[in-house]
Asker: 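Handing you a structure now.
Order of listing sets the numbers, starting from 1, for every ligand and every atom in it. Keep in mind it's a predicted model, so treat the numbers as computed, not measured.
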Amino acid sequence: MKSIAGVGLADVVSAYSGPQTEFMQLLFGQQLHIGGMKASLDLAERAGIKSGLIGVDLCCCIGAGMRWLVRSREVASMTGVDATEAVVEHGRRLTREEGLEDRVRFIVADACHSGLPSDSADFVWSEDAWCYVPDKPKLIAEAARIVRKGGVIAFTDWVEGPARLSDAEAQRFLGMMTFANVEDIAGYVRILSDSGCEVRVAEDTGRFASHFELYLNMIEMQLGYDVLRTVAFRTDLMETLVEGFSFLGEMARAGKIAQARFVARRM
Ligand SMILES: C[S@@+](CC[C@H](N)C(=O)[O-])C[C@H]1O[C@@H](n2cnc3c(N)ncnc32)[C@H](O)[C@@H]1O
């Protein structure tokens, strides 16, 4: 597994407490993951998420995924865990505005130590977020502790692809993303199995490269001014962002990074 030193939860919280979140929401919308609602639907279908279930979203950000799950899949209730107070406050406000506060609640905590009761959820959910958590075995052990026997862990995440990042590419990728490390599909399968789960889905969604082309087109063709606004009108910062997105697109096209989807059942 490729990793870098000196990146931890405090750096991630600091990044999500600043203008990065506004920039990401401009391009991604409320669902801060590749593929938006379509990606959520694909994950929910494969995980068998249906009416009446109780779920937990580990690293929920502003909770758009949870609001989508209670509306579109008629999930009974969702509890979201996120370490960044600022995004949780924003998420609570949006949830109240949508009148969903009885069914969607938030906790500010490290997802590796959520404090949620054992066997308390039918499913644990996450979208494009566990890449930020350095200790993935601990995180997945926590997910497996929270979900009941027979329940499901369903998530998407950014992973290293089969073509492998060079050491220099990995340093750049991990540094710009504030990831301490990056797992691959086989690594996640191993961790899930070691946590007592039967892995049912472990696959590349095939979305990464096309979506980064879309985001670059959005910046180039429509949202230039709005992006500039999120970086306090610093053209140098905007250039850095565009170069970073181009690099991510290039790595995805080369099969060196990908978005992967996992569904596992706790035995
Ligand atoms: C890309 S966003 C998640 C997007 C969200 N799943 C969605 O689809 O809209 C990543 C989130 O992970 C949170 N996060 C990162 N590390 C965490 C940790 N160890 N515990 C809890 N939250 C964490 C960040 O605060 C941030 O809100």
Asker: Report the nearest protein non-hydrogen atom to atom 6 (N) of ligand 1: residue, atom name, distance rounded to 0.1 Å.
Answerer: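 Sorting protein heavy atoms by distance from atom 6 (N) of ligand 1 puts Glu127 O, 2.9 Å first.
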Asker: Establish, yes or no, whether a centroid distance under 6.0 Å links the rings of Phe233 and Tyr225.
Answerer: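 Yes - the distance between ring centres of Phe233 and Tyr225 falls below the 6.0 Å cut-off.
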Asker: Any salt bridge between Asp42 and Arg207, counting N to O under 4.0 Å?
Answerer: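 Salt bridge flag = yes for Arg207 with Asp42.
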Asker: Heavy atom to atom 23 (C) of ligand 1, shortest distance: which of Ala129, Ser114, Cys59 holds it?
Answerer: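 Nearest heavy atom to atom 23 (C) of ligand 1 lies in Cys59.
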Asker: Does any N or O atom in Asp57 lie less than 3.5 angstrom from one in ligand 1, N or O only?
Answerer: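 Such a contact does not occur with ligand 1.
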Asker: Taking atom 9 (O) of ligand 1 as the point of reference, which of Asp11, Leu32, Val13, Asp135 owns the nearest heavy atom?
Answerer: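 Result: the heavy atom closest to atom 9 (O) of ligand 1 is in Leu32.
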Asker: Does Arg266 pair with Asp119 as a salt bridge, N-O distance under 4.0 Å?
Answerer: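 Result for this pair is yes, salt bridge flagged.
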Asker: Which of the listed options, Thr156, Val87, Ile107, Leu9, holds the heavy atom that is closest to atom 17 (C) of ligand 1?
Answerer: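 The option holding the nearest heavy atom is Leu9.
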Asker: Please state which protein non-hydrogen atom is closest to atom 1 (C) of ligand 1 and give its distance, to 0.1 Å?
Answerer: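 So the nearest neighbour among protein heavy atoms is Tyr16 OH, 3.1 Å.
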Asker: Would you please test Gln259 and Thr205 for side chain to side chain donor-acceptor pair (under 3.5 Å) and show each step?
Answerer: CA-CA 6 Å; Gln259 182 198 43; Thr205 67; 2.6 Å; yes
Asker: For ligand 1, find out whether one of its N or O atoms is nearer than 3.5 Å to an N or O atom of Ala111.
Answerer: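 Such a contact does occur with ligand 1.
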Asker: Any salt bridge between Glu142 and Lys138, counting N to O under 4.0 Å?
Answerer: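 Salt bridge absent between Glu142 and Lys138.
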Asker: What distance do Ile54 atom CD1 and Ile146 atom CD1 have between them, rounded to the nearest 0.5 Å?
Answerer: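 Here the rounded value is 13.5 Å.
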Asker: Among protein heavy atoms, which sits nearest to atom 19 (N) of ligand 1, and what does the distance come to when rounded to 0.1 Å?
Answerer: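 Scanning the protein heavy atoms, the shortest distance from atom 19 (N) of ligand 1 goes to Asp110 OD1, 3.1 Å.
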Asker: Assess whether a salt bridge exists between Arg73 and Glu45, defined as any Lys/Arg side-chain N lying under 4.0 Å from an Asp/Glu carboxylate O.
Answerer: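 Judged by the 4.0 Å cut-off on N to carboxylate O distance, Arg73 and Glu45 do form a salt bridge.
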Asker: Find all atoms of ligand 1 within a distance of less than 4.0 Å from any non-hydrogen atom belonging to Val133, and give their numbers and elements.
Answerer: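 Within the 4.0 Å cut-off of Val133, ligand 1 contributes 16 (N), 19 (N).
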Asker: Would you say the rings of Phe247 and Phe173 are close, in the sense that their centroids are separated by under 6.0 Å?
Answerer: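 No.
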Asker: Under 3.5 Å between some N or O of ligand 1 and some N or O of Cys60?
Answerer: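 In fact, backbone or side chain, Cys60 has no N or O that close.
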Asker: Judging by distance only, is a nitrogen or oxygen of Gln31 under 3.5 angstrom from one on ligand 1?
Answerer: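 No, there is no polar N/O contact under 3.5 Å.
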Asker: So which bit of Ala109 gets within less than 4.0 Å of ligand 1, heavy atoms only: side chain, backbone, both or neither?
Answerer: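 Contact part for Ala109 vs ligand 1: backbone (N, CA, C, O).
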Asker: Just jot down the ligand 1 atoms closer than 4.0 angstrom to any heavy atom of Thr84, in number order.
Answerer: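 Result: 24 (C), 25 (O).
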Asker: Just jot down the ligand 1 atoms closer than 4.0 angstrom to any heavy atom of Tyr132, in number order.
Answerer: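 Under 4.0 Å from Tyr132, ligand 1 has these atoms: 1 (C), 10 (C), 15 (C), 16 (N).
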Asker: Are any of the side-chain nitrogens in Arg92 or Glu89 under 4.0 Å away from the carboxylate oxygens of its partner?
Answerer: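 Judged by the 4.0 Å cut-off on N to carboxylate O distance, Arg92 and Glu89 do form a salt bridge.
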Asker: Please name the residue in the list Tyr132, Tyr188, Trp130 that meets the side-chain hydrogen bond (donor to acceptor under 3.5 Å, both in side chains) test with Asp157.
Answerer: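 It is Tyr188, the one option of Tyr132, Tyr188, Trp130 that forms the side-chain hydrogen bond (donor to acceptor under 3.5 Å, both in side chains) with Asp157.
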Asker: Do the side chains of Arg265 and Glu198 get close enough for a salt bridge, i.e. N-O under 4.0 angstrom?
Answerer: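 Yes, Arg265 and Glu198 are salt-bridged.
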Asker: Which residue owns the protein heavy atom closest to atom 21 (C) of ligand 1, what's the atom, and how far is it?
Answerer: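 Heavy-atom neighbour on the protein nearest atom 21 (C) of ligand 1: Ala83 N, 3.2 Å.
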Asker: Within a distance under 4.0 Å of any heavy atom of Val12, pick out the atoms of ligand 1 and give their elements.
Answerer: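 Per the distance check, 15 (C).
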Asker: Nearest protein heavy-atom contact for atom 8 (O) of ligand 1: which residue, which atom, what distance?
Answerer: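 The answer is His33 ND1, 2.6 Å.
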Asker: Which option wins on minimum heavy-atom distance to atom 11 (C) of ligand 1: Asp128, Asp82, Val108?
Answerer: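 Result: the heavy atom closest to atom 11 (C) of ligand 1 is in Asp82.
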